[in-house]
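Right, one structure below, let's go through it.
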Protein chains: 2
Amino acid sequence: MLEARLEQAQLLKKVVDAIKDLVQDCNFDCNDSGIALQAMDNSHVALVSMMLKSESFSPFRCDRNIALGINLTSLQKVLRCAQNEDILTLKAEDAPDVVNMQFESADNDRLSEYDIKLMDIDQEHLGIPDTEYAAEISMPSSEFQRICRDLTALSESVSIECTKEGVKFACSGDIGSGSVTLRSHTDVDKPEKNIDIRLTEPVALTFSLKYLVNFCKASGLSDSVKLCLSSEVPLLVEYALSNNSYLRFYLAPKIGDEE
Amino acid sequence: MLEARLEQAQLLKKVVDAIKDLVQDCNFDCNDSGIALQAMDNSHVALVSMMLKSESFSPFRCDRNIALGINLTSLQKVLRCAQNEDILTLKAEDAPDVVNMQFESADNDRLSEYDIKLMDIDQEHLGIPDTEYAAEISMPSSEFQRICRDLTALSESVSIECTKEGVKFACSGDIGSGSVTLRSHTDVDKPEKNIDIRLTEPVALTFSLKYLVNFCKASGLSDSVKLCLSSEVPLLVEYALSNNSYLRFYLAPKIGDEE
DNA sequence: CCCGCCACCC
DNA sequence: GGGTGGCGGG
């Protein structure tokens, strides 16, 4: 059986808010190391990979591998019944028909309980290779969100160009063109504002802004986001969570005329 | 060429926010004294006159007269990509196709750059006579905004009646009638709350509230607003900016049955 | 793509 | 309490 207790319901609320426009139904794969989710969006351009390590729960117990096939719209509806500060407990049997979710207010004077029906979902298992990227950029997640939103006013695509000088987000469209350039920046007093660029090789790729804006819904999960790029492979957008848990998005670059 | 650097992008952001519902496309006329804009609204009832003196920029350089014909919706989209505290630099060649706008974060780790395509706009040049007004009323801009917003609940028009007793904003409509009367008021401790009425002759005129509410979008530019009235001439609503720069709106009075 | 509503911050 | 930014709906 599975029993997993999360101190703050808002973690799961925000994760689901951030991915449910990309994925309708998917398995939450539970085993003794935690709860994982991998799914491609309908158009197979983007991929979501979530890992909530067992250490992010207390307690966490999962004796056997269990796949919980869940409709994310249903899950979101139920999670909206939890308050951000509630303690959330997930429970499931070994061959479950439902997943049970409990929300407790911190002061213990309220207990809500929901059962969500599960579905069988064909697991297209996705091997994601562990890539060494040509460029890794860490920046405030709010800044990345702002850049993507700003450039949406001009175009549907953005080129991300990373050199040793910095990283440049650029696009052009009917009303004109625009770019935002960031340089590395370290401020020990405001580490949450740091911009860190690690480069082994210059790289320039073009991506759909619509997807990037969508990924940025995860900004509330982490002050910082990491972008990893290499030529001709999908961009990785990673929101690191506590205890090595994470929410990652992959996005295939646009190629040739698509740009 | 033009090169004009504004310490705070929010000045231009707010100016454009305040006028873009009145005017779609217009020329920014640049010369060595600064950047000016004059345009009538589509219905020719209202007129906008902006003057940003060269002293409001540092540095300011403009060798020759340049008219930058800009679609204000496009400009607003681009200005939304600037943060309020960014340093804004406008650049244009002598016979430009585009105007270049740069936004720098104060700490210099972000540089955004946009080019907006220009358009040819027929300049209907507007001579605005320098009028001696029968009444000049200065008041907190937030108070004027509040009065206009409040009275909108009752009517589409407001009469502004200025006597030596004070100034009365009055209207009536289906659900009833209402008025707000202000007297002169000076408080040396709170000069931003002062109400100053200078009168050479009593005057009473009626105006469209819709336009006045629109003008009040400029309230964020200045703590104070000045209303200037004389019989049978347009009302002047002036927001004074630093360095003798200003944003002025003119509004023709309603006459006879229109009221 | 734009407008209105809701939540968070000042 | 007001204003601004983000999210959802038309």
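Since the model is a prediction, treat every value here as computed from it, not as a measurement.
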Nucleotide nearest A:Gln145 (side chain, heavy atoms from C-beta), chosen from D:dG6, D:dG2, D:dG8: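 My answer, after comparing the listed nucleotides, is D:dG6.
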Proximal nucleotide (of D:dG2, D:dG8, D:dG6) relative to the B:Arg146 side chain: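 The answer is D:dG2, which lies nearest to the side chain.
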With a 4.0 Å cut-off on N to O distance, would you call A:Asp196 and A:Lys226 a salt bridge?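 No, this pair does not count.
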Ionic contact status for B:Arg110 with A:Glu143, cut-off 4.0 Å: yes
Euclidean distance, atom [atom1] of residue [X] to atom [atom2] of [N] [Å, nearest integer]:
X        : N     : atom1 : atom2 : value
B:Asp21  : C:dC2 : CG    : P     : 13 Å
A:Ile147 : D:dG6 : CD1   : P     : 14 Å
A:Asn214 : D:dG8 : CG    : C1'   : 13 Å
A:Glu143 : D:dG5 : CD    : P     : 15 Å
A:Lys77  : D:dG8 : NZ    : P     : 14 Å
A:Arg80  : C:dA7 : CZ    : P     : 10 Å
B:Asp17  : D:dT4 : CG    : P     : 9 Å
B:Lys217 : D:dG2 : NZ    : P     : 19 Å

Going by the angle between their ring planes, with limits at 30° and 60°, are A:Phe144 and A:Phe169 parallel, tilted or perpendicular? tilted
Under the side-chain hydrogen bond (donor to acceptor under 3.5 Å, both in side chains) test against A:Asp17, which residue among A:Gln10, A:Lys217, A:Gln76 passes? A:Gln76
